[in-house]
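Sequential numbering from 1 along the given sequence is applied to the chain's residues.
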Amino acid sequence: MPDGSIDRLKARLVAKGYTQIPGLDYTDTFSPIIKATTVRVVLSLAVTNKWPLRQLDVKNAFLNGHLTEQVYMEQPPGYIDPRFPNHICQLKKALHGLKQAPRAWFQRFSSFLTQLGFYCSRADTSLFVFHRKSDIIYLLLYVDDIIITGNNSSLLHSFTCKLHFEFATKDLGSLSYFLGLEATSTTDGLFISQLKYARDILTRAQLLDSKPVHTPMVVSQHLSSDGSIFSDPTLYRSLVGALQYLTITCPDIAHAVNSVSQFLHSPTNDHFLAVKRILRYVKGTLHFGLTFRSSATPTTLVAYSDADWAGCLDTRRSTSGYSIYLGNNLVSWSAKKQPIVSRSSCESEYRALALTAAELLWLTHLLCDLKVSLPQWPLLLCDNKSAIFLSSNPVSHKRAKHVELDYHFLRELVLADKLRTQYVPSHLQVVDIFTKSVPKALFQFFWSKLNISSNPTFSLRGGVEDHQP
């Protein structure tokens, strides 16, 4: 539960999946799960259209999957048939512990939805859409957790009843707690955060009573592999992995987390100090999260793209970053080191533009599956005029003849009028927060542009954790 309490206790029969042999008693095991960006897009659309958001939970979901392979299991201890103590069980349905159990459950659930008239999104296979005339339903699936929304309340109720009849499900009511994300309805939209999850990380690191800082990283800091090795690399990897999941609602720590994630193989004491600074920043922003509000242009896509040229001291590779808004709501962002070295700032910015264009293209496909039409092609903003010129002018091929051909798909999109590029001044380039550590004043300005705000239901008590960065 969001407050840390236990809702109920469970006991399960678990098969010894570690004894299975690939190709003999299992083949495919991968089961798709909903992408965080898809969740934010659907939340943005639901808030804009003022649709209800409901949450469901499937009880013992893996037990519903049908097995296509022959799988045998020993009789469980305590439940051995005295008449046939040496007999074994042939499984017809999946059990917890089987390697193919997640896959079998997803196939069972998706086939049921297909029979009801849903179709699976091509952009995200864990998104299901029902569209008939003017009625529409969105369903998001993450293993056994479900979010549904739509424009027809009676149709949602009818579908929920069919789901209850087919599977043992629990209706959790309005969306409140989903995969560690806490959702709170506000007067003008929806607020999501990870307060409990962030507290758990701080408790694990013994920093719950630490003094907060205003930025997650020291200004102009560039981490390197030099230094004395940290004594507890397991703790380092555990904390960094937890922080990676925290970025789902905390885009302001994306660059800092990306920086410390590059040294998981051999962390040093300096790297752990950087992790502790991130946690101290999290301590001061515990009650902050993303806000989704309705906007005047709810279906326009605007993206900011930027790159920090040769920012890595060890490899001299650049860091790409982007932030994408659907209307006024931030739905996608990234901070990622480029795979190869760029010979100029223009080249690094051009590669960042191509990365952002790929994400924009995927978002347009996602919105198409959601039956949302874009009033105009997405707008891509960049603060490097040379990169913008390179994206639309093939004459400058001499300066970019060494750039891989797949990056030039950006130019094809621009020439086909499927993407618009435009210059944005550097002081308005919000993506700087994803590519480099910036001073406090600039960090606060960019921070405000990411739609990060305090929980409106939280009453400020003047504690150290209630300050704004």
Side-chain angles (χ1 to χ4, degrees), residues 1-34 54-116 118 120 125-126 128 139-148 159-173 176-180 196-197 200 204 234 238 241 245:
M1 300 297 287
D3 58 359
S5 62
I6 298 176
D7 183 24
R8 65 185 184 278
L9 299 176
K10 297 180 181 179
R12 290 172 175 168
L13 172 63
V14 180
K16 297 179 181 178
Y18 56 85
T19 63
Q20 291 184 262
I21 301 175
L24 179 63
D25 50 12
Y26 78 93
T27 52
D28 295 330
T29 62
F30 174 75
S31 178
I33 56 177
I34 197 70
R54 297 181 62 182
Q55 182 180 354
L56 305 171
D57 178 73
V58 181
K59 300 178 182 178
N60 298 317
F62 287 176
L63 303 184
N64 292 283
H66 297 294
L67 296 177
T68 57
E69 307 89 355
Q70 286 189 354
V71 181
Y72 297 93
M73 184 186 73
E74 296 178 352
Q75 297 183 55
Y79 295 91
I80 298 177
D81 190 337
R83 297 173 301 168
F84 309 102
N86 297 322
H87 283 205
I88 58 176
C89 306
Q90 180 180 0
L91 301 181
K92 295 183 178 180
K93 287 190 175 184
L95 279 181
H96 294 281
L98 290 180
K99 293 184 179 296
Q100 65 266 50
R103 180 80 170 193
W105 154 244
F106 180 82
Q107 291 178 337
R108 171 82 172 84
F109 188 78
S110 58
S111 62
F112 169 73
L113 292 182
T114 302
Q115 295 173 3
L116 295 182
F118 283 79
C120 180
T125 49
S126 291
F128 298 88
L139 185 145
L140 309 179
L141 176 68
Y142 192 104
V143 189
D144 58 349
D145 292 308
I146 299 172
I147 294 178
I148 57 173
F159 164 70
T160 304
C161 293
K162 293 179 182 178
L163 201 60
H164 288 323
F165 183 78
E166 185 71 15
F167 306 103
T169 59
K170 182 178 181 181
D171 192 342
L172 303 178
S176 60
Y177 191 69
F178 181 77
L179 306 177
K196 179 184 178 299
Y197 184 76
D200 291 342
R204 190 191 317 171
T234 300
S238 173
Y245 192 75

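By the 4.5 Å heavy-atom criterion applied to side chains, Arg108 and Glu166 are counted as neighbours. Ile146 is listed as a side-chain neighbour of Leu163, based on a closest heavy-atom distance under 4.5 Å. Using a 4.5 Å heavy-atom threshold, the side chains of Ile34 and Leu141 count as separate. Looking at Arg12 and Asn60, their side chains come closer than 4.5 Å, going by heavy atoms from C-beta outward. Considering only heavy atoms from C-beta on, Leu63 comes within 4.5 Å of His96 through its side chain. Contact check for Val58 versus Trp105: side-chain heavy atoms found under the 4.5 Å cut-off. Between Lys170 and Leu172 the shortest side-chain heavy-atom distance falls below 4.5 Å. Side-chain contact between Met73 and Leu98 is absent, with no heavy-atom pair separated by less than 4.5 Å.
Within 6.0 Å of the CD atom in Gln75, the count of heavy atoms belonging to other residues, nucleotides or ligands exceeds 12.
Separating the CZ atom in Phe178 from the CD1 atom in Ile147 is a distance of 4.0 Å, to the nearest 0.5 Å. Distance CZ/Phe109 to OG/Ser31: 11.5 Å, rounded to 0.5 Å. To the nearest 0.5 Å, atoms CG (Leu140) and CD1 (Ile33) are separated by 12.5 Å. Annotation: the span from Phe112 atom CZ to Phe128 atom CZ amounts to 11.5 Å, rounded to 0.5 Å. Atom NZ of Lys92 is separated from atom NE2 of His66 by 11.5 Å, given to the nearest 0.5 angstrom. Note that OG1 of Thr169 and NZ of Lys162 are 14.5 Å apart. Values are rounded to the nearest 0.5 Å.
Smallest separation of non-hydrogen atoms from Arg204 and Ser238: NH1-OG, 2.7 Å. Nearest approach of Gln100 to Val71, heavy atoms of both residues: NE2-CG2, 3.6 Å. Closest approach of Cys120 to Thr125, counting heavy atoms only: SG-O, 3.1 Å.
A donor-acceptor contact shorter than 3.5 Å is absent between the side chain of Ser126 and the backbone of Tyr142. Of the possible donor and acceptor atoms, none in the side chain of Gln70 sits under 3.5 Å from a partner among the backbone N and O of Gln90. Although no hydrogens or angles enter the test, the distance criterion places a donor-acceptor pair under 3.5 Å between the side chain of Thr114 and the main chain of Ser110. A donor-acceptor pair under 3.5 Å is absent between the side-chain atoms of Gln20 and the main chain of Tyr26, judged by distance alone.
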Side chain to side chain contact (heavy atoms under 4.5 Å, CB included) between Asp57 and Asp145, worked out: CA-CA 5 Å; Asp57 178 73; Asp145 292 308; 3.2 Å; yes
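The ring pair (Phe, Tyr, Trp, His ring centres under 6.0 Å) search around Tyr245 returns Tyr197, not counting sequence neighbours.
A salt bridge links Asp200 to Lys196: one of the charged nitrogens lies within less than 4.0 Å of a carboxylate oxygen.
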